[in-house]
Trainee: 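I'd like to ask you about the structure that follows.
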Amino acid sequence: MPDGQIKAQTLKGFRDFLPAQMVLRQHVIGTLRHVFEQHGFEPLETPVLEYAETLEGKYGDDERLLYRFTDHGDRRVGMRYDLTVPLARVVGQYVNTLAFPFKRYQIQPVWRADRPQKGRYREFYQCDVDIVGTSSPLADAECVSLYYEGFRDLGFVNYQTLLNSRKLLTAIGIYAGAGEQAGSIFRAIDKLAKVGETGVIGEMIAGGVSIEASRRAIDIVKMSQGRRDQSDDLKLIANLRQPFADIPVGIAGLDELEAMIKLLPDFGVPDRYYKLDLTLARGLNYYTGAVFEVVSQDIQIGSLGGGGRYDELVGMFSGRSIPTVGASFGLERIIDVIEEAKIGGPLPRTTSEVFVTVFNSAMLASALAITGELRAAGINTEVAYEPDSGLKKQLRYAGNKGISLAIIEGPDEQAKGEVMLREIGESGDKDAIPNQTTVRRDEIVAAVKVRLAKP
RNA sequence: GUGGCUGUAGCUCAAUGGCAGAGCGCCUGACUGUGGAUCAGGAAGUUGUGGGUUCGAGCCCCAUCAGCCACCCCA
């Protein structure tokens, strides 16, 4: 290594995505984008950098995670921390040119100076879908349907979207008599599954809630256990009307949740993919209505997505309330779960579909002609760069790279007007036998399409 | 941000303070038209980096960089 050469390394919490990983990432992003556009959402991108004051004061204690610095023009700037605040800025800036309800999706990296762990990075992609400018429960229900269709198309089977409402949690706090400490109830309740009943009560007491109030809150929350199908969600809502009779915010929350849940079958969301869960709180404090969270039942991991209604945040750059509901897909974790649980069947490791071997220099022109025909037919094709390196070496390269199909044309085939299609499996299989067929040279494109199952 | 664990070949890991190794992978050949199997050979390392202790450091000490775990918080 020459003197002074800089060590090749990535910054803490930052990653490279090599081609095999990119194939999966692009597959996931492409699948979700397709679902969003089917529902009429439009793409949006915003800059990495924002004025620091645009971002400051929006994230509470977590503001310490904000990347901030002074740029070359002495401006105080910050790196995008999420996609929600930039959305609010865009709405404020273009309020007169956007068509409302404004439906946008945004898939871009965000940056947080957090301490990294597995599934936790300083640069990671967020994938947000939001509907800005309507209070309709149809918009809330559509978010749940986006989760259903998105995860369905990715091949997920064992997952559920948990539903709740911030208004119900507020009502539970009032009902329990937690008074000023109502807020600290949320976070404790959210951990019920993790720390158990006594753990939750302990956290509430630590947060200044009385024992009696904690018990009353827990008793209400436990009513959402044992759900079998949608009728139990609706029964639970009906049962809560009595204790919340004198709590207007509770009744409002029940009405909204009921309207949303009743719409789900009409959106085509099957019963088993959602559930009303009174323990769901969500960490962010800007939610004002419905909240959702997608949990995997295959793998123990944090949520695969979450969202909800936040009617006050998006209008903060516009000087008025703009009702908004949104859903976020946890791209990095979705990818982790797909890899770990092998969801959706095997994916290729490369975007190359066909490898054209070159038998020798004399056959090069013919190989390039085949390559050109395949490319013109929309097939990702690469050709060997060393005509005289031999079939062995060329096929080994194709196998190592993960290309599933090779084309071989030697003098014998050429004389008969044929070529060979050789399928290439994953290496390491001792019992694998070569699988190759001969096709007519003038039918090569059609034959390759059949092999690749392309239309 | 708090507390802890770990960094040795491309990968997974060995090596009482005393000569840096194995398996897999990679490259070459046996195999004269076909990756994977078998056999033979080969390349590959400033032990993350920088200091210190020691006759001697992969091993002990300090710092630093990075990964991981539990909190916190979240995606």
Side-chain angles (χ1 to χ4, degrees), chain A residues 1-3 5-15 18 59-66 81-84 107-128 187 190-191 194-195 203 281-285 293-296 301-307 327-337 355-360 362-363 384 387-415 419-438:
Chain A
M1 199 180 276
D3 269 355
Q5 184 162 335
I6 297 186
K7 187 180 176 188
Q9 61 175 345
T10 47
L11 224 46
K12 179 204 280 278
F14 288 72
R15 297 165 292 168
L18 297 180
Y59 305 113
D61 292 342
D62 283 347
E63 190 158 310
R64 65 188 163 85
L65 303 181
L66 195 60
Y81 179 90
D82 65 11
L83 303 180
T84 306
I107 304 171
Q108 285 191 275
V110 301
W111 293 269
R112 298 182 188 178
D114 205 354
R115 182 181 288 205
Q117 271 181 41
K118 188 171 192 143
R120 191 165 178 163
Y121 308 98
R122 290 188 163 182
E123 177 184 56
F124 62 95
Y125 274 72
Q126 284 200 332
C127 176
D128 279 18
R187 208 155 281 177
D190 198 46
K191 294 182 179 167
K194 195 174 175 184
V195 300
E203 287 221 18
R282 302 285 300 155
L284 299 170
N285 51 25
E293 187 160 298
V294 181
V295 293
S296 164
I301 194 168
S303 63
L304 296 180
S328 181
F329 287 73
L331 200 60
E332 311 293 350
R333 285 182 182 168
I334 289 170
I335 288 166
D336 284 348
V337 171
F355 185 85
V356 179
T357 60
V358 181
F359 191 83
N360 56 36
M363 300 292 297
D388 297 307
S389 59
L391 288 177
K392 184 186 181 77
K393 197 168 179 181
Q394 294 178 21
L395 288 169
R396 184 160 60 205
Y397 167 80
N400 287 348
K401 190 163 172 176
I403 303 174
S404 62
L405 195 60
I407 288 175
I408 298 168
E409 185 198 32
D412 296 350
E413 287 80 17
Q414 191 177 44
V419 296
M420 305 249 273
L421 295 192
R422 177 161 167 79
E423 292 196 8
I424 303 180
E426 288 302 318
S427 60
D429 184 356
K430 298 177 186 186
D431 305 319
I433 49 168
N435 182 3
Q436 58 187 26
T437 53
T438 302

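Letters A, B, ... are given to chains in the order of the sequence lines, protein chains preceding strands, and every chain is numbered from 1.
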Trainee: Looking across every strand, which nucleic acid part, if any, lies under 4.0 Å from G13(A) by heavy atom: base, sugar-phosphate, or nothing?
Mentor: sugar-phosphate
Trainee: May I have the distance from L395(A) (atom CG) to rA37(B) (atom P), rounded to whole angstrom?
Mentor: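 These atoms are roughly 15 Å apart.
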Trainee: What residues form a salt bridge (charged side-chain N to carboxylate O under 4.0 Å, His left out) with R15(A), not counting sequence neighbours?
Mentor: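 In terms of salt bridge (charged side-chain N to carboxylate O under 4.0 Å, His left out), with neighbours along the sequence ignored, R15(A) is linked to E332(A).
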Trainee: Say we look at rG4(B) and rC62(B): how far apart would their P atoms be, to the nearest angstrom?
Mentor: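 It comes out at 12 Å once rounded to the nearest Å.
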Trainee: Kindly write out the residues that satisfy salt bridge (charged side-chain N to carboxylate O under 4.0 Å, His left out) with K392(A), not counting sequence neighbours, or none if the list is empty.
Mentor: none
Trainee: When rounded to the nearest Å, what value does the distance between C1' atoms of rC74(B) and rC65(B) take?
Mentor: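 It works out to 25 Å between them.
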Trainee: Main chain of M363(A), side chain of N360(A): is a donor-acceptor contact present, judged purely on distance under 3.5 Å?
Mentor: yes
Trainee: Between P on rC11(B) and CG on N400(A), what's the gap in Å once rounded to a whole number?
Mentor: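 Nearest whole value for this atom pair: 17 Å.
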Trainee: Between rU64(B) and rA70(B), how many Å separate the two C1' atoms, rounded to a whole number?
Mentor: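 Per the computed distance, 24 Å lies between those C1' atoms.
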Trainee: According to side-chain hydrogen bond (donor to acceptor under 3.5 Å, both in side chains), who are the partners of E203(A), at least two apart in sequence or on a separate chain?
Mentor: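 If we apply the side-chain hydrogen bond (donor to acceptor under 3.5 Å, both in side chains) test to E203(A), skipping adjacent residues, the hits are K191(A).
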Trainee: Rounding to an integer number of angstrom, what distance separates rG51(B) and rC11(B) when you compare their C1' atoms?
Mentor: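 It comes out at 31 Å once rounded to the nearest Å.
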Trainee: Round to a whole Å and report the spacing from NZ of K401(A) to C1' of rG10(B).
Mentor: 18 Å
Trainee: Please measure how far the P atom in rU49(B) lies from the corresponding atom in rC59(B), and state the result in whole Å.
Mentor: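 Here rU49(B) and rC59(B) have their P atoms 11 Å from each other.
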Trainee: Does F124(A) have any ring-ring contact (aromatic ring centres under 6.0 Å, His included) partners at least two apart in sequence or in another chain, and if so, which?
Mentor: none
Trainee: Can you name the residues that form a side-chain hydrogen bond (donor to acceptor under 3.5 Å, both in side chains) with S389(A), not counting sequence neighbours?
Mentor: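 S389(A) satisfies side-chain hydrogen bond (donor to acceptor under 3.5 Å, both in side chains) with Q394(A) once adjacent residues are dropped.
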Trainee: Enumerate the residue pairs fulfilling salt bridge (Lys or Arg N to Asp or Glu O under 4.0 Å) with a member in residues 109-123 of chain A, sequence neighbours excluded, ordered by first and then second residue.
Mentor: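 Listed once each, the pairs are D114(A)-R120(A).
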Trainee: What pairs with T357(A) under side-chain hydrogen bond (donor to acceptor under 3.5 Å, both in side chains), at least two apart in sequence or on another chain?
Mentor: none
Trainee: How would RNA chain B look in dot-bracket form, 5' to 3', counting Watson-Crick and G-U wobble pairs with both distances under 3.5 Å and writing | for bases paired to another strand?
Mentor: (((((((..((((....[..)))).(((((.......))))).....(((((..]....))))))))))))....
Trainee: Quick one: side chains of residues 401-410 of chain A, donor-acceptor pairs under 3.5 Å with protein atoms, not counting sequence neighbours, listed by atom name and distance.
Mentor:
from	atom 1	to	atom 2	distance (Å)
K401(A)	NZ	E382(A)	OE2	2.7
K401(A)	NZ	Y397(A)	OH	3.2
E409(A)	OE1	S366(A)	OG	2.6
E409(A)	OE2	S366(A)	OG	3.2

Trainee: Nearest 0.5 Å, what's the CD1-SG distance between I334(A) and C127(A)?
Mentor: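 Separation between the atoms: 7.0 Å.
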Trainee: Nearest whole angstrom, please: distance from the P of rU34(B) to the CG of D388(A).
Mentor: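 It is 15 Å, rounded to the nearest whole Å.
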Trainee: Taking NZ from K393(A) and C1' from rC26(B), how many angstroms apart are they, rounded to a whole number?
Mentor: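 Atom NZ in K393(A) sits about 12 Å away from atom C1' in rC26(B).
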Trainee: How would you label the contact of E293(A) with the nucleic acid (heavy atoms, under 4.0 Å): base, sugar-phosphate, or nothing?
Mentor: nothing
Trainee: Using only side-chain N and O atoms of R396(A), determine if any of them is under 4.0 Å from OP1 or OP2 of rA37(B).
Mentor: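 Negative; the distance criterion is not met.
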Trainee: Mind listing the N/O atom pairs, protein and nucleotides 30-33 of chain B, below 3.5 Å?
Mentor:
from	atom 1	to	atom 2	distance (Å)
rG33(B)	O6	D412(A)	N	3.1
rG33(B)	O6	D412(A)	OD1	3.0
rG33(B)	O6	D412(A)	OD2	2.3
rG33(B)	N1	E413(A)	OE1	2.8
rG33(B)	N1	E413(A)	OE2	3.1
rG33(B)	N2	E413(A)	OE1	3.1
rG33(B)	N2	E413(A)	OE2	3.0

Trainee: In B/S/- notation, 5' to 3', how is nucleotides 69-75 of chain B contacted by protein heavy atoms closer than 4.0 Å?
Mentor: BBBBBBB
Trainee: What is the distance from atom OG of S328(A) to atom CZ of R282(A), rounded to the nearest 0.5 Å?
Mentor: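 So the gap between those two atoms works out to 7.5 Å.
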Trainee: From NZ of K12(A) over to P of rG7(B), roughly how many Å is that when rounded to an integer?
Mentor: 17 Å
Trainee: Does a distance-only test, which skips hydrogens and angles, find a donor-acceptor pair under 3.5 Å between the side chain of Q394(A) and the base of rU34(B)?
Mentor: no
Trainee: Look up atom CD in E413(A) and atom OG1 in T438(A), then write down how far apart they are to the nearest 0.5 Å.
Mentor: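 So the CD of E413(A) and the OG1 of T438(A) are separated by 6.5 Å.
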Trainee: Measuring only the P atom in each nucleotide, how far is rA43(B) from rG21(B)? A whole number of Å is fine.
Mentor: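 It works out to 13 Å between them.
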Trainee: How far does the P atom of rA14(B) sit from the matching atom of rC31(B), given to the nearest Å?
Mentor: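 Taking atom P in both rA14(B) and rC31(B), they lie 41 Å apart.
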Trainee: The criterion is ring-ring contact (aromatic ring centres under 6.0 Å, His included); which residues satisfy it with Y81(A), sequence neighbours excluded?
Mentor: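 Partners of Y81(A) by the ring-ring contact (aromatic ring centres under 6.0 Å, His included) criterion, ordered by chain and then number, come out as Y59(A).
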Trainee: Using atom C1' of each nucleotide, how far apart are rG23(B) and rA15(B) to the nearest Å?
Mentor: 15 Å
